[in-house]
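Every number for a ligand or one of its atoms is a count from 1 in the order of the listing. The figures that follow rest on heavy atoms only: side chains count, while hydrogens, waters and symmetry mates do not.
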Amino acid sequence: MEREFEAKVRMEQRQRSSGAGRTSNLRFRAPQENFTADDFGMGKVYGVGSYSKVVRATKKDTGNVYAMKIMDKKFITKENKVTFAKLERVILDQLDHPGVIRLFFTFQDNCYLYMALEPCEGGDLFEQISRKGRLSENEARFYAAEIVDALEYIHGLGLVHRDIKPENLLLTADGHIKIADFGSVKPISNSKITVLPDLLNDKSCTFVGTAAYVPPEVLSSSPSLSQKKSSPATYGNDLWALGCTLYQMLSGTSPFKDTSDWLIFQRIIARDLRFPDYFSDEASDLIDKLLDVDPSKRLGAGLDGYAALKFHPFFKGIGWKNLRASSPPQLAQESDVGNGDGTQSNVHNTSQIREYSISQNTVHDGNGGTTSSSSSDPQTNNVSKLVSIDSFDSKWQDFLEYGETIVMTSTVKKLHKLRSKKVQLILTDKPRLICVDPNRLERRKILWCDSPVEVTIQVVNNSLFKICLPKKIRSFEDAKERAWQWKKAIEGLVRQ
Ligand SMILES: Nc1ncnc2c1ncn2[C@@H]1O[C@H](COP(=O)(O)OP(=O)(O)OP(=O)(O)O)[C@@H](O)[C@H]1O
């Protein structure tokens with residue numbers, strides 16, 4: 001795998017030195033350094049994405065702090081994510097806007113690629129919505145304005161982000177928005193951004209976004225999402241996602257939220273959109289215009305689109321020229337509990353749809369969940385992805401025995417009567433299912449280990465599942481909606 005990765009990089013370098021393509025004179029602003037991981041003190045994990053882990057890293061000699069995006073070369077090669085990683089590197093290198101995460105430098109070693117990014121200590125917009133339940137109109141207006149300002153810049157360069165969602169909208173320590181995660185970006189034909197031709201043409205770049213924020217035209221252009229057919233990338237994609245994000249800020253949940261991706265897609269295609277009555281007329285009107293089924297008619301698309309968007313009555317009072325100098329909303333801290341209507345249902349609804357099929361073979365299980373009869377089952381595919389990315393996180397290594405590997409892990413809620421407790425569930429290849437206190441980093445229990453003991457998993461819905469042991473049933477809620485993945489992973493190990 002590693003060789004394959006190096007070969008791809010070498011091929012890219014050869015193409016560059018032979019002058020092929022539009023990047024023959026591409027010089028990186030953010031240099032490729034000869035640093036090693038030992039040059040940094042690695043701190044807390046900011047977040048884990050589908051192909052990376054982002055860690056707070058302090059350069060030992062300068063004391064400078066970075067958000068270090070670390071990608072396992074074997075993992076990204078195996079999962080065909082090399083293009084995403086390279087594309088993000090090349091694009092971020094050329095972006096310069098206060099509303100976009102800045103890339104400072106990159107380096108690599110035998111196993112990992114490292115991207116030193118500007119750190120965002122305020123978490124992401126999803127967390128703010130979760131903590132507050134829902135945002136006030138003033139708060140939502142401010143964040144929406146900063147997103148519009150950054151999108152105007154990105155679109156002005158001829159780029160479509162294609163994965164705008166609250167999780168990718170990060171917050172600085174003082175509360176300003178920065179757009180992150182440019183792995184799905186698509187340059188349009190006359191883009192001002194320089195990109196290697198192989199990055200533009202690579203088939204592994206097929207991408208349709210994140211279920212809850214995907215516009216209807218992307219769904220109707222790929223009846224089976226497994227088809228390697230490029231979805232039409234237009235600025236309208238991001239404007240639709242902006243409309244969904246604004247709706248989510250104001251209500252606490254995304255507008256087409258449902259219990260499975262399949263049902264979400266049905267609601268998007270039917271534009272099954274309902275506005276809560278506490279939305280102001282201006283907010284409803286703006287969202288309505290961003291969620292136009294015709295991408296070219298969405299407010300913000302078209303030639304003078306951004307002027308029309310910025311002058312919408314919802315944005316009345318926004319000082320567009322001084323946005324970054326004006327005071328952002330107060331950030332809610334982790335201990336703050338939201339009490340709006342959105343709190344209860346505010347679980348991540350962001351499963352990413354990249355190259356697998358969700359169409360004909362998906363059937364409903366009668367419990368509000370879905371399962372699939374085919375080998376291209378998304379849930380099954382996700383399990384194999386998680387095997388790698390979860391093993392990538394070494395925080396839980398202390399709980400393992402020698403040679404034991406993590407198959408899947410998640411912070412979940414253990415539900416008991418009316419109470420719930422946060423626990424870290426760790427499934428290993430031994431196999432064992434370990435329950436850890438994630439705050440104290442102490443082992444609480446081994447729920448199950450390889451023995452003649454029968455274990456089955458009952459899925460209640462995408463988030464809720466029960467681990468059924470002969471003498472005990474324990475209920476859990478996985479906010480990342482991985483109930484089906486837990487079932488497949490645990491029962492898969494039982495069968496082996
Ligand atoms: N600059 C940053 N500062 C602080 N946290 C960050 C930064 N960049 C990313 N993160 C955190 O790390 C998480 C993963 O980052 P990112 O989305 O870039 O990874 P990814 O592997 O491309 O994931 P995916 O494509 O699944 O969203 C983010 O959701 C966020 O919580």
Side-chain angles (χ1 to χ4, degrees), residues 30 42-58 64-73 75-76 78-89 91-92 95 97-106 112-131 150 161-186 204-214 241 245 331 334 348-355 381-382 385-386 388-390 392-393 395 411 479-482:
M42 298 294 181
K44 68 170 183 179
V45 176
Y46 283 123
V48 178
S50 51
Y51 64 96
S52 72
K53 182 165 89 167
V54 181
V55 177
R56 189 174 198 274
T58 310
N64 289 341
V65 174
Y66 303 96
M68 195 66 80
K69 184 160 177 168
I70 307 173
M71 288 157 275
D72 182 331
K73 288 183 185 179
F75 178 77
I76 61 173
K78 185 165 131 280
E79 295 292 316
N80 232 356
K81 297 288 184 266
V82 176
T83 306
F84 292 110
K86 290 198 293 189
L87 194 60
E88 181 167 37
R89 196 262 184 261
I91 301 273
L92 273 184
L95 301 186
H97 187 273
V100 175
I101 286 292
R102 195 174 176 95
L103 173 70
F104 291 108
F105 54 84
T106 61
Y112 301 108
L113 296 176
Y114 301 83
M115 282 172 54
L117 302 167
E118 177 181 8
C120 279
E121 300 286 359
D124 63 43
L125 186 59
F126 183 89
E127 285 167 359
Q128 286 304 307
I129 301 171
S130 302
R131 288 173 191 168
H161 183 282
R162 298 205 298 172
D163 204 13
I164 293 293
K165 59 181 177 182
E167 288 91 330
N168 286 338
L169 300 165
L170 304 186
L171 291 151
T172 58
D174 55 355
H176 288 279
I177 292 265
K178 286 189 187 266
I179 300 183
D181 195 358
F182 282 73
S184 315
V185 78
K186 186 105 178 172
S204 65
C205 242
T206 304
F207 174 84
V208 294
T210 297
Y213 309 91
V214 165
T245 302
L331 288 179
E334 208 171 346
H348 283 253
N349 49 5
T350 58
S351 47
Q352 281 198 330
I353 316 302
R354 279 188 171 145
E355 287 153 24
N381 287 354
N382 276 349
K385 279 182 198 168
L386 292 164
S388 308
I389 201 73
D390 285 348
F392 188 18
D393 186 352
K395 191 173 170 188
T411 310
K480 288 189 177 156
E481 300 195 340
R482 295 156 93 185

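- Heavy-atom contacts of E118 reach the following atoms of ligand 1: 1 (N), 2 (C), 3 (N) (cutoff under 4.0 Å).
- By the side-chain contact (heavy atoms from CB on, under 4.5 Å) test, A67 pairs with Y46, V54, L117, P119, sequence neighbours left out.
- Note on ring orientation: taking the six-membered ring where Trp is involved, the planes of F182 and H161 are perpendicular (angle over 60°, cut-offs 30° and 60°).
- Looking at D163 against ligand 1, nothing comes within 4.0 Å, counting heavy atoms.
- Residue S52 has at least one nitrogen or oxygen atom sitting less than 3.5 Å from a nitrogen or oxygen atom of ligand 1, judged on distance alone.
- Within ligand 1, the atoms closer than 4.0 Å to a non-hydrogen atom of N168 are 17 (O), 27 (O), numbered from 1 in the order shown.
- Atoms of ligand 1 lying under 4.0 Å from at least one heavy atom of Y51, given by number and element, are 21 (O), 22 (O).
- Every atom of ligand 1 with a heavy atom of I101 under 4.0 Å away is listed here by number and element: 1 (N).
- Close approach of ligand 1 to A67 (heavy-atom distance below 4.0 Å) involves ligand atoms 1 (N), 2 (C), 3 (N).
- Atom numbering of ligand 1 starts at 1 in the shown order; those under 4.0 Å from a heavy atom of G49 are 14 (C), 19 (O), 20 (P), 21 (O), 23 (O), 26 (O).
- Under the 3.5 Å distance criterion, the side-chain polar atoms of R56 are left unmatched by any main-chain donor or acceptor of G43.
- At under 3.5 Å, not a single nitrogen or oxygen of E88, backbone or side chain, sits near a nitrogen or oxygen of ligand 1.
- The backbone N or O of A173 sits nowhere less than 3.5 Å from a side-chain atom of E121 that would complete a donor-acceptor pair.
- Ligand 1 has no nitrogen or oxygen under 3.5 angstrom from a nitrogen or oxygen of K165.
- In terms of polar-atom proximity, defined here as any N/O pair under 3.5 Å, A180 makes no such contact with ligand 1.
- With a heavy-atom cut-off of 4.0 Å, K69 touches ligand 1 through its side chain alone.
- Looking at V48, L169, L170, D124 and measuring to atom 8 (N) of ligand 1, the nearest heavy atom belongs to L170.
- Atom CG of D124 and atom CG of L171 lie 7.5 Å apart (nearest 0.5 Å).
- Residues that satisfy the side chain to side chain donor-acceptor pair (under 3.5 Å) test with E88, not counting sequence neighbours, are K69.
- Checking side-chain atoms of D163 against main-chain N and O of N168 turns up no donor-acceptor pair under 3.5 Å.
- In this structure, CE in M68 is found 10.0 Å from OG1 in T106, a value given to the nearest 0.5 Å.
- To the nearest 0.5 Å, atoms CG (L169) and NZ (K178) are separated by 12.5 Å.
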